[in-house]
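Step one of this worksheet: look at the structure below.
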Protein chains: 2
Amino acid sequence: MTIKTLEDAFVQELQDILHAEKQLVKALPKMARAASNPDLREAFASQLEETETHLERLQQTFEMLERPFGAKKCEGMVGIIEEGQSLLSEEVDDRVRDAMLIEEAQKVEHYKIAAYGTLCTWAETLGHEDVYQRLQDSLDEEKAADLTLTELALQVVNPLAVHLVE
Amino acid sequence: MTIKTLEDAFVQELQDILHAEKQLVKALPKMARAASNPDLREAFASQLEETETHLERLQQTFEMLERPFGAKKCEGMVGIIEEGQSLLSEEVDDRVRDAMLIEEAQKVEHYKIAAYGTLCTWAETLGHEDVYQRLQDSLDEEKAADLTLTELALQVVNPLAVHLVE
């Protein structure tokens with residue numbers, strides 16, 4: 001796809017986040033299985049449900065823009081998920097792994113916050129009021145999920161992980 | 001490096017962000033040269049200065065923890081920067097490229113917000129009060145840089161880029 005206008009850049013970024021979300025649908029169940037803390041497993045399960053909703057919203061967005069529903073390889077998310085996969089294969093204590101899983105998940109969330117944040121400002125500039133709200137809803141959910149993970153880290157997971165060194 | 005404790009995970013994450021910051025010292029001058037808007041060029045130049053300060057703080061952090069100053073390949077940032085490099089080689093109108101450069105730079109910022117955010121919570125949990133403030137200072141600067149880019153996109157760069165389709 002050749003980029004000539006901001007509209008082209010907008011569509012390419014939609015293809016990028018579509019690829020990112022699709023990768024997450026595969027990665028999140030593995031992260032949930034690797035988590036030992038039940039609250040963390042639940043957080044990942046809930047993130048998976050939200051990711052599926054984001055995919056539906058993206059499908060609607062492509063339809064509304066009358067563009068073919070297609071993904072473009074998202075190198076950023078590929079790299080972030082690769083870091084997470086190597087963690088799953090390491091011989092780590094369960095409680096420390098939980099803390100590291102949250103770290104990876106927050107990198108995922110922040111990639112998506114940046115991507116949906118840009119998509120929202122571009123949708124606004126381009127006058128796509130109809131798709132703007134869908135993108136904003138996904139952005140709000142990413143920000144909320146990130147806060148949930150921070151709370152979980154501070155209140156539950158990190159205090160358990162640190163006891164190992166005492 | 002084998003991860004056994006949260007302290008090990010903390011050091012590994014410091015090695016990861018060190019690699020990320022080192023890559024940025026190389027990438028930001030290219031992004032500044034590719035930017036056509038003078039305010040954006042200035043924003044990238046200022047980010048480069050801050051990145052150099054973050055590197056100095058990391059060096060101090062490794063010294064205070066009495067750990068060797070060394071980097072671990074940061075796959076996430078490698079992927080994000082790769083996306084940005086492919087953009088630099090594309091035949092794009094200058095004003096649209098500026099909008100896309102901001103998008104890439106915000107993905108960079110958000111990766112670092114996630115990384116420094118985790119490092120701060122881990123430093124707090126581990127009782128590393130001395131290094132905590134340095135990490136928090138870098139985190140605050142990343143958040144401020146991200147806001148600056150959003151303002152620049154909304155007020156200057158996006159309105160210029162969208163005129164091309166009118």
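Since we're looking at a predicted model, the values are computed, not measured. Chain identifiers are assigned alphabetically (A, B, ...) following the order of the sequence lines, protein sequences preceding nucleic acid strands; residue numbering begins at 1 within each chain.
Crowding of Gln60(B) atom CD: a count of heavy atoms from other residues, nucleotides or ligands under 6.0 Å exceeding 12. Counting heavy-atom neighbours within 6.0 Å of Glu52(A) CD, excluding the residue itself, gives a total above 12.
Taking CG of Asp146(A) as the start and CD1 of Ile113(B) as the end, the distance is 9.5 Å to the nearest 0.5 Å. Taking NZ of Lys4(A) as the reference point, atom CD of Glu91(B) lies at 10.5 Å (rounded to 0.5 Å). Glu83(B) CD to Lys72(A) NZ: the interatomic distance, rounded to the nearest 0.5 Å, is 6.0 Å. Atom-to-atom distance recorded for Leu6(B):CG and Asp93(A):CG is 10.5 Å, nearest 0.5 angstrom. The CG atom of Leu149(B) sits 11.0 Å away from the OG1 atom of Thr121(A) when rounded to the nearest 0.5 Å.
With hydrophobic clusters built from ILVMFWY side chains whose heavy atoms lie under 4.5 angstrom apart, Tyr116(A) does not share a cluster with Tyr132(A). No continuous path of hydrophobic side-chain contacts links Leu147(B) to Leu101(B) [ILVMFWY only; heavy atoms under 4.5 Å].
Of the two parts of Val78(A), neither the backbone nor the side chain holds a non-hydrogen atom closer than 4.5 Å to a non-hydrogen atom of chain B. Looking at Glu13(B), only its side chain comes within 4.5 Å of chain A, counting heavy atoms on both sides. Heavy-atom distances place the side chain of Leu154(A), and not its backbone, under 4.5 Å from chain B. For Asp8(A), no part lies under 4.5 angstrom from a heavy atom of chain B.
The most heavy-atom pairs under 4.5 Å with chain B, out of Leu119(A), Asp16(A), Val108(A), Thr150(A), come from Asp16(A). Of all the listed residues (Ile3(A), Ile80(A), Ile81(A)), the one sharing the greatest number of non-hydrogen pairs under 4.5 Å with chain B is Ile3(A). Contact count versus chain A (heavy atoms, under 4.5 Å) is highest, among Met100(B), Glu82(B), Gln106(B), for Met100(B). Your options are Glu124(A), His110(A), Lys112(A), and the one with the most heavy-atom pairs under 4.5 Å with chain B is His110(A).
Between Pro159(A) and Thr125(B), the shortest heavy-atom contact is N-CG2, 4.2 Å.
Contact annotation: the side chain of Tyr111(A) approaches that of Lys107(B) to within less than 4.5 Å [non-hydrogen atoms, C-beta and beyond]. Side-chain contact between Thr118(A) and Ile102(B) is absent, with no heavy-atom pair separated by less than 4.5 Å.
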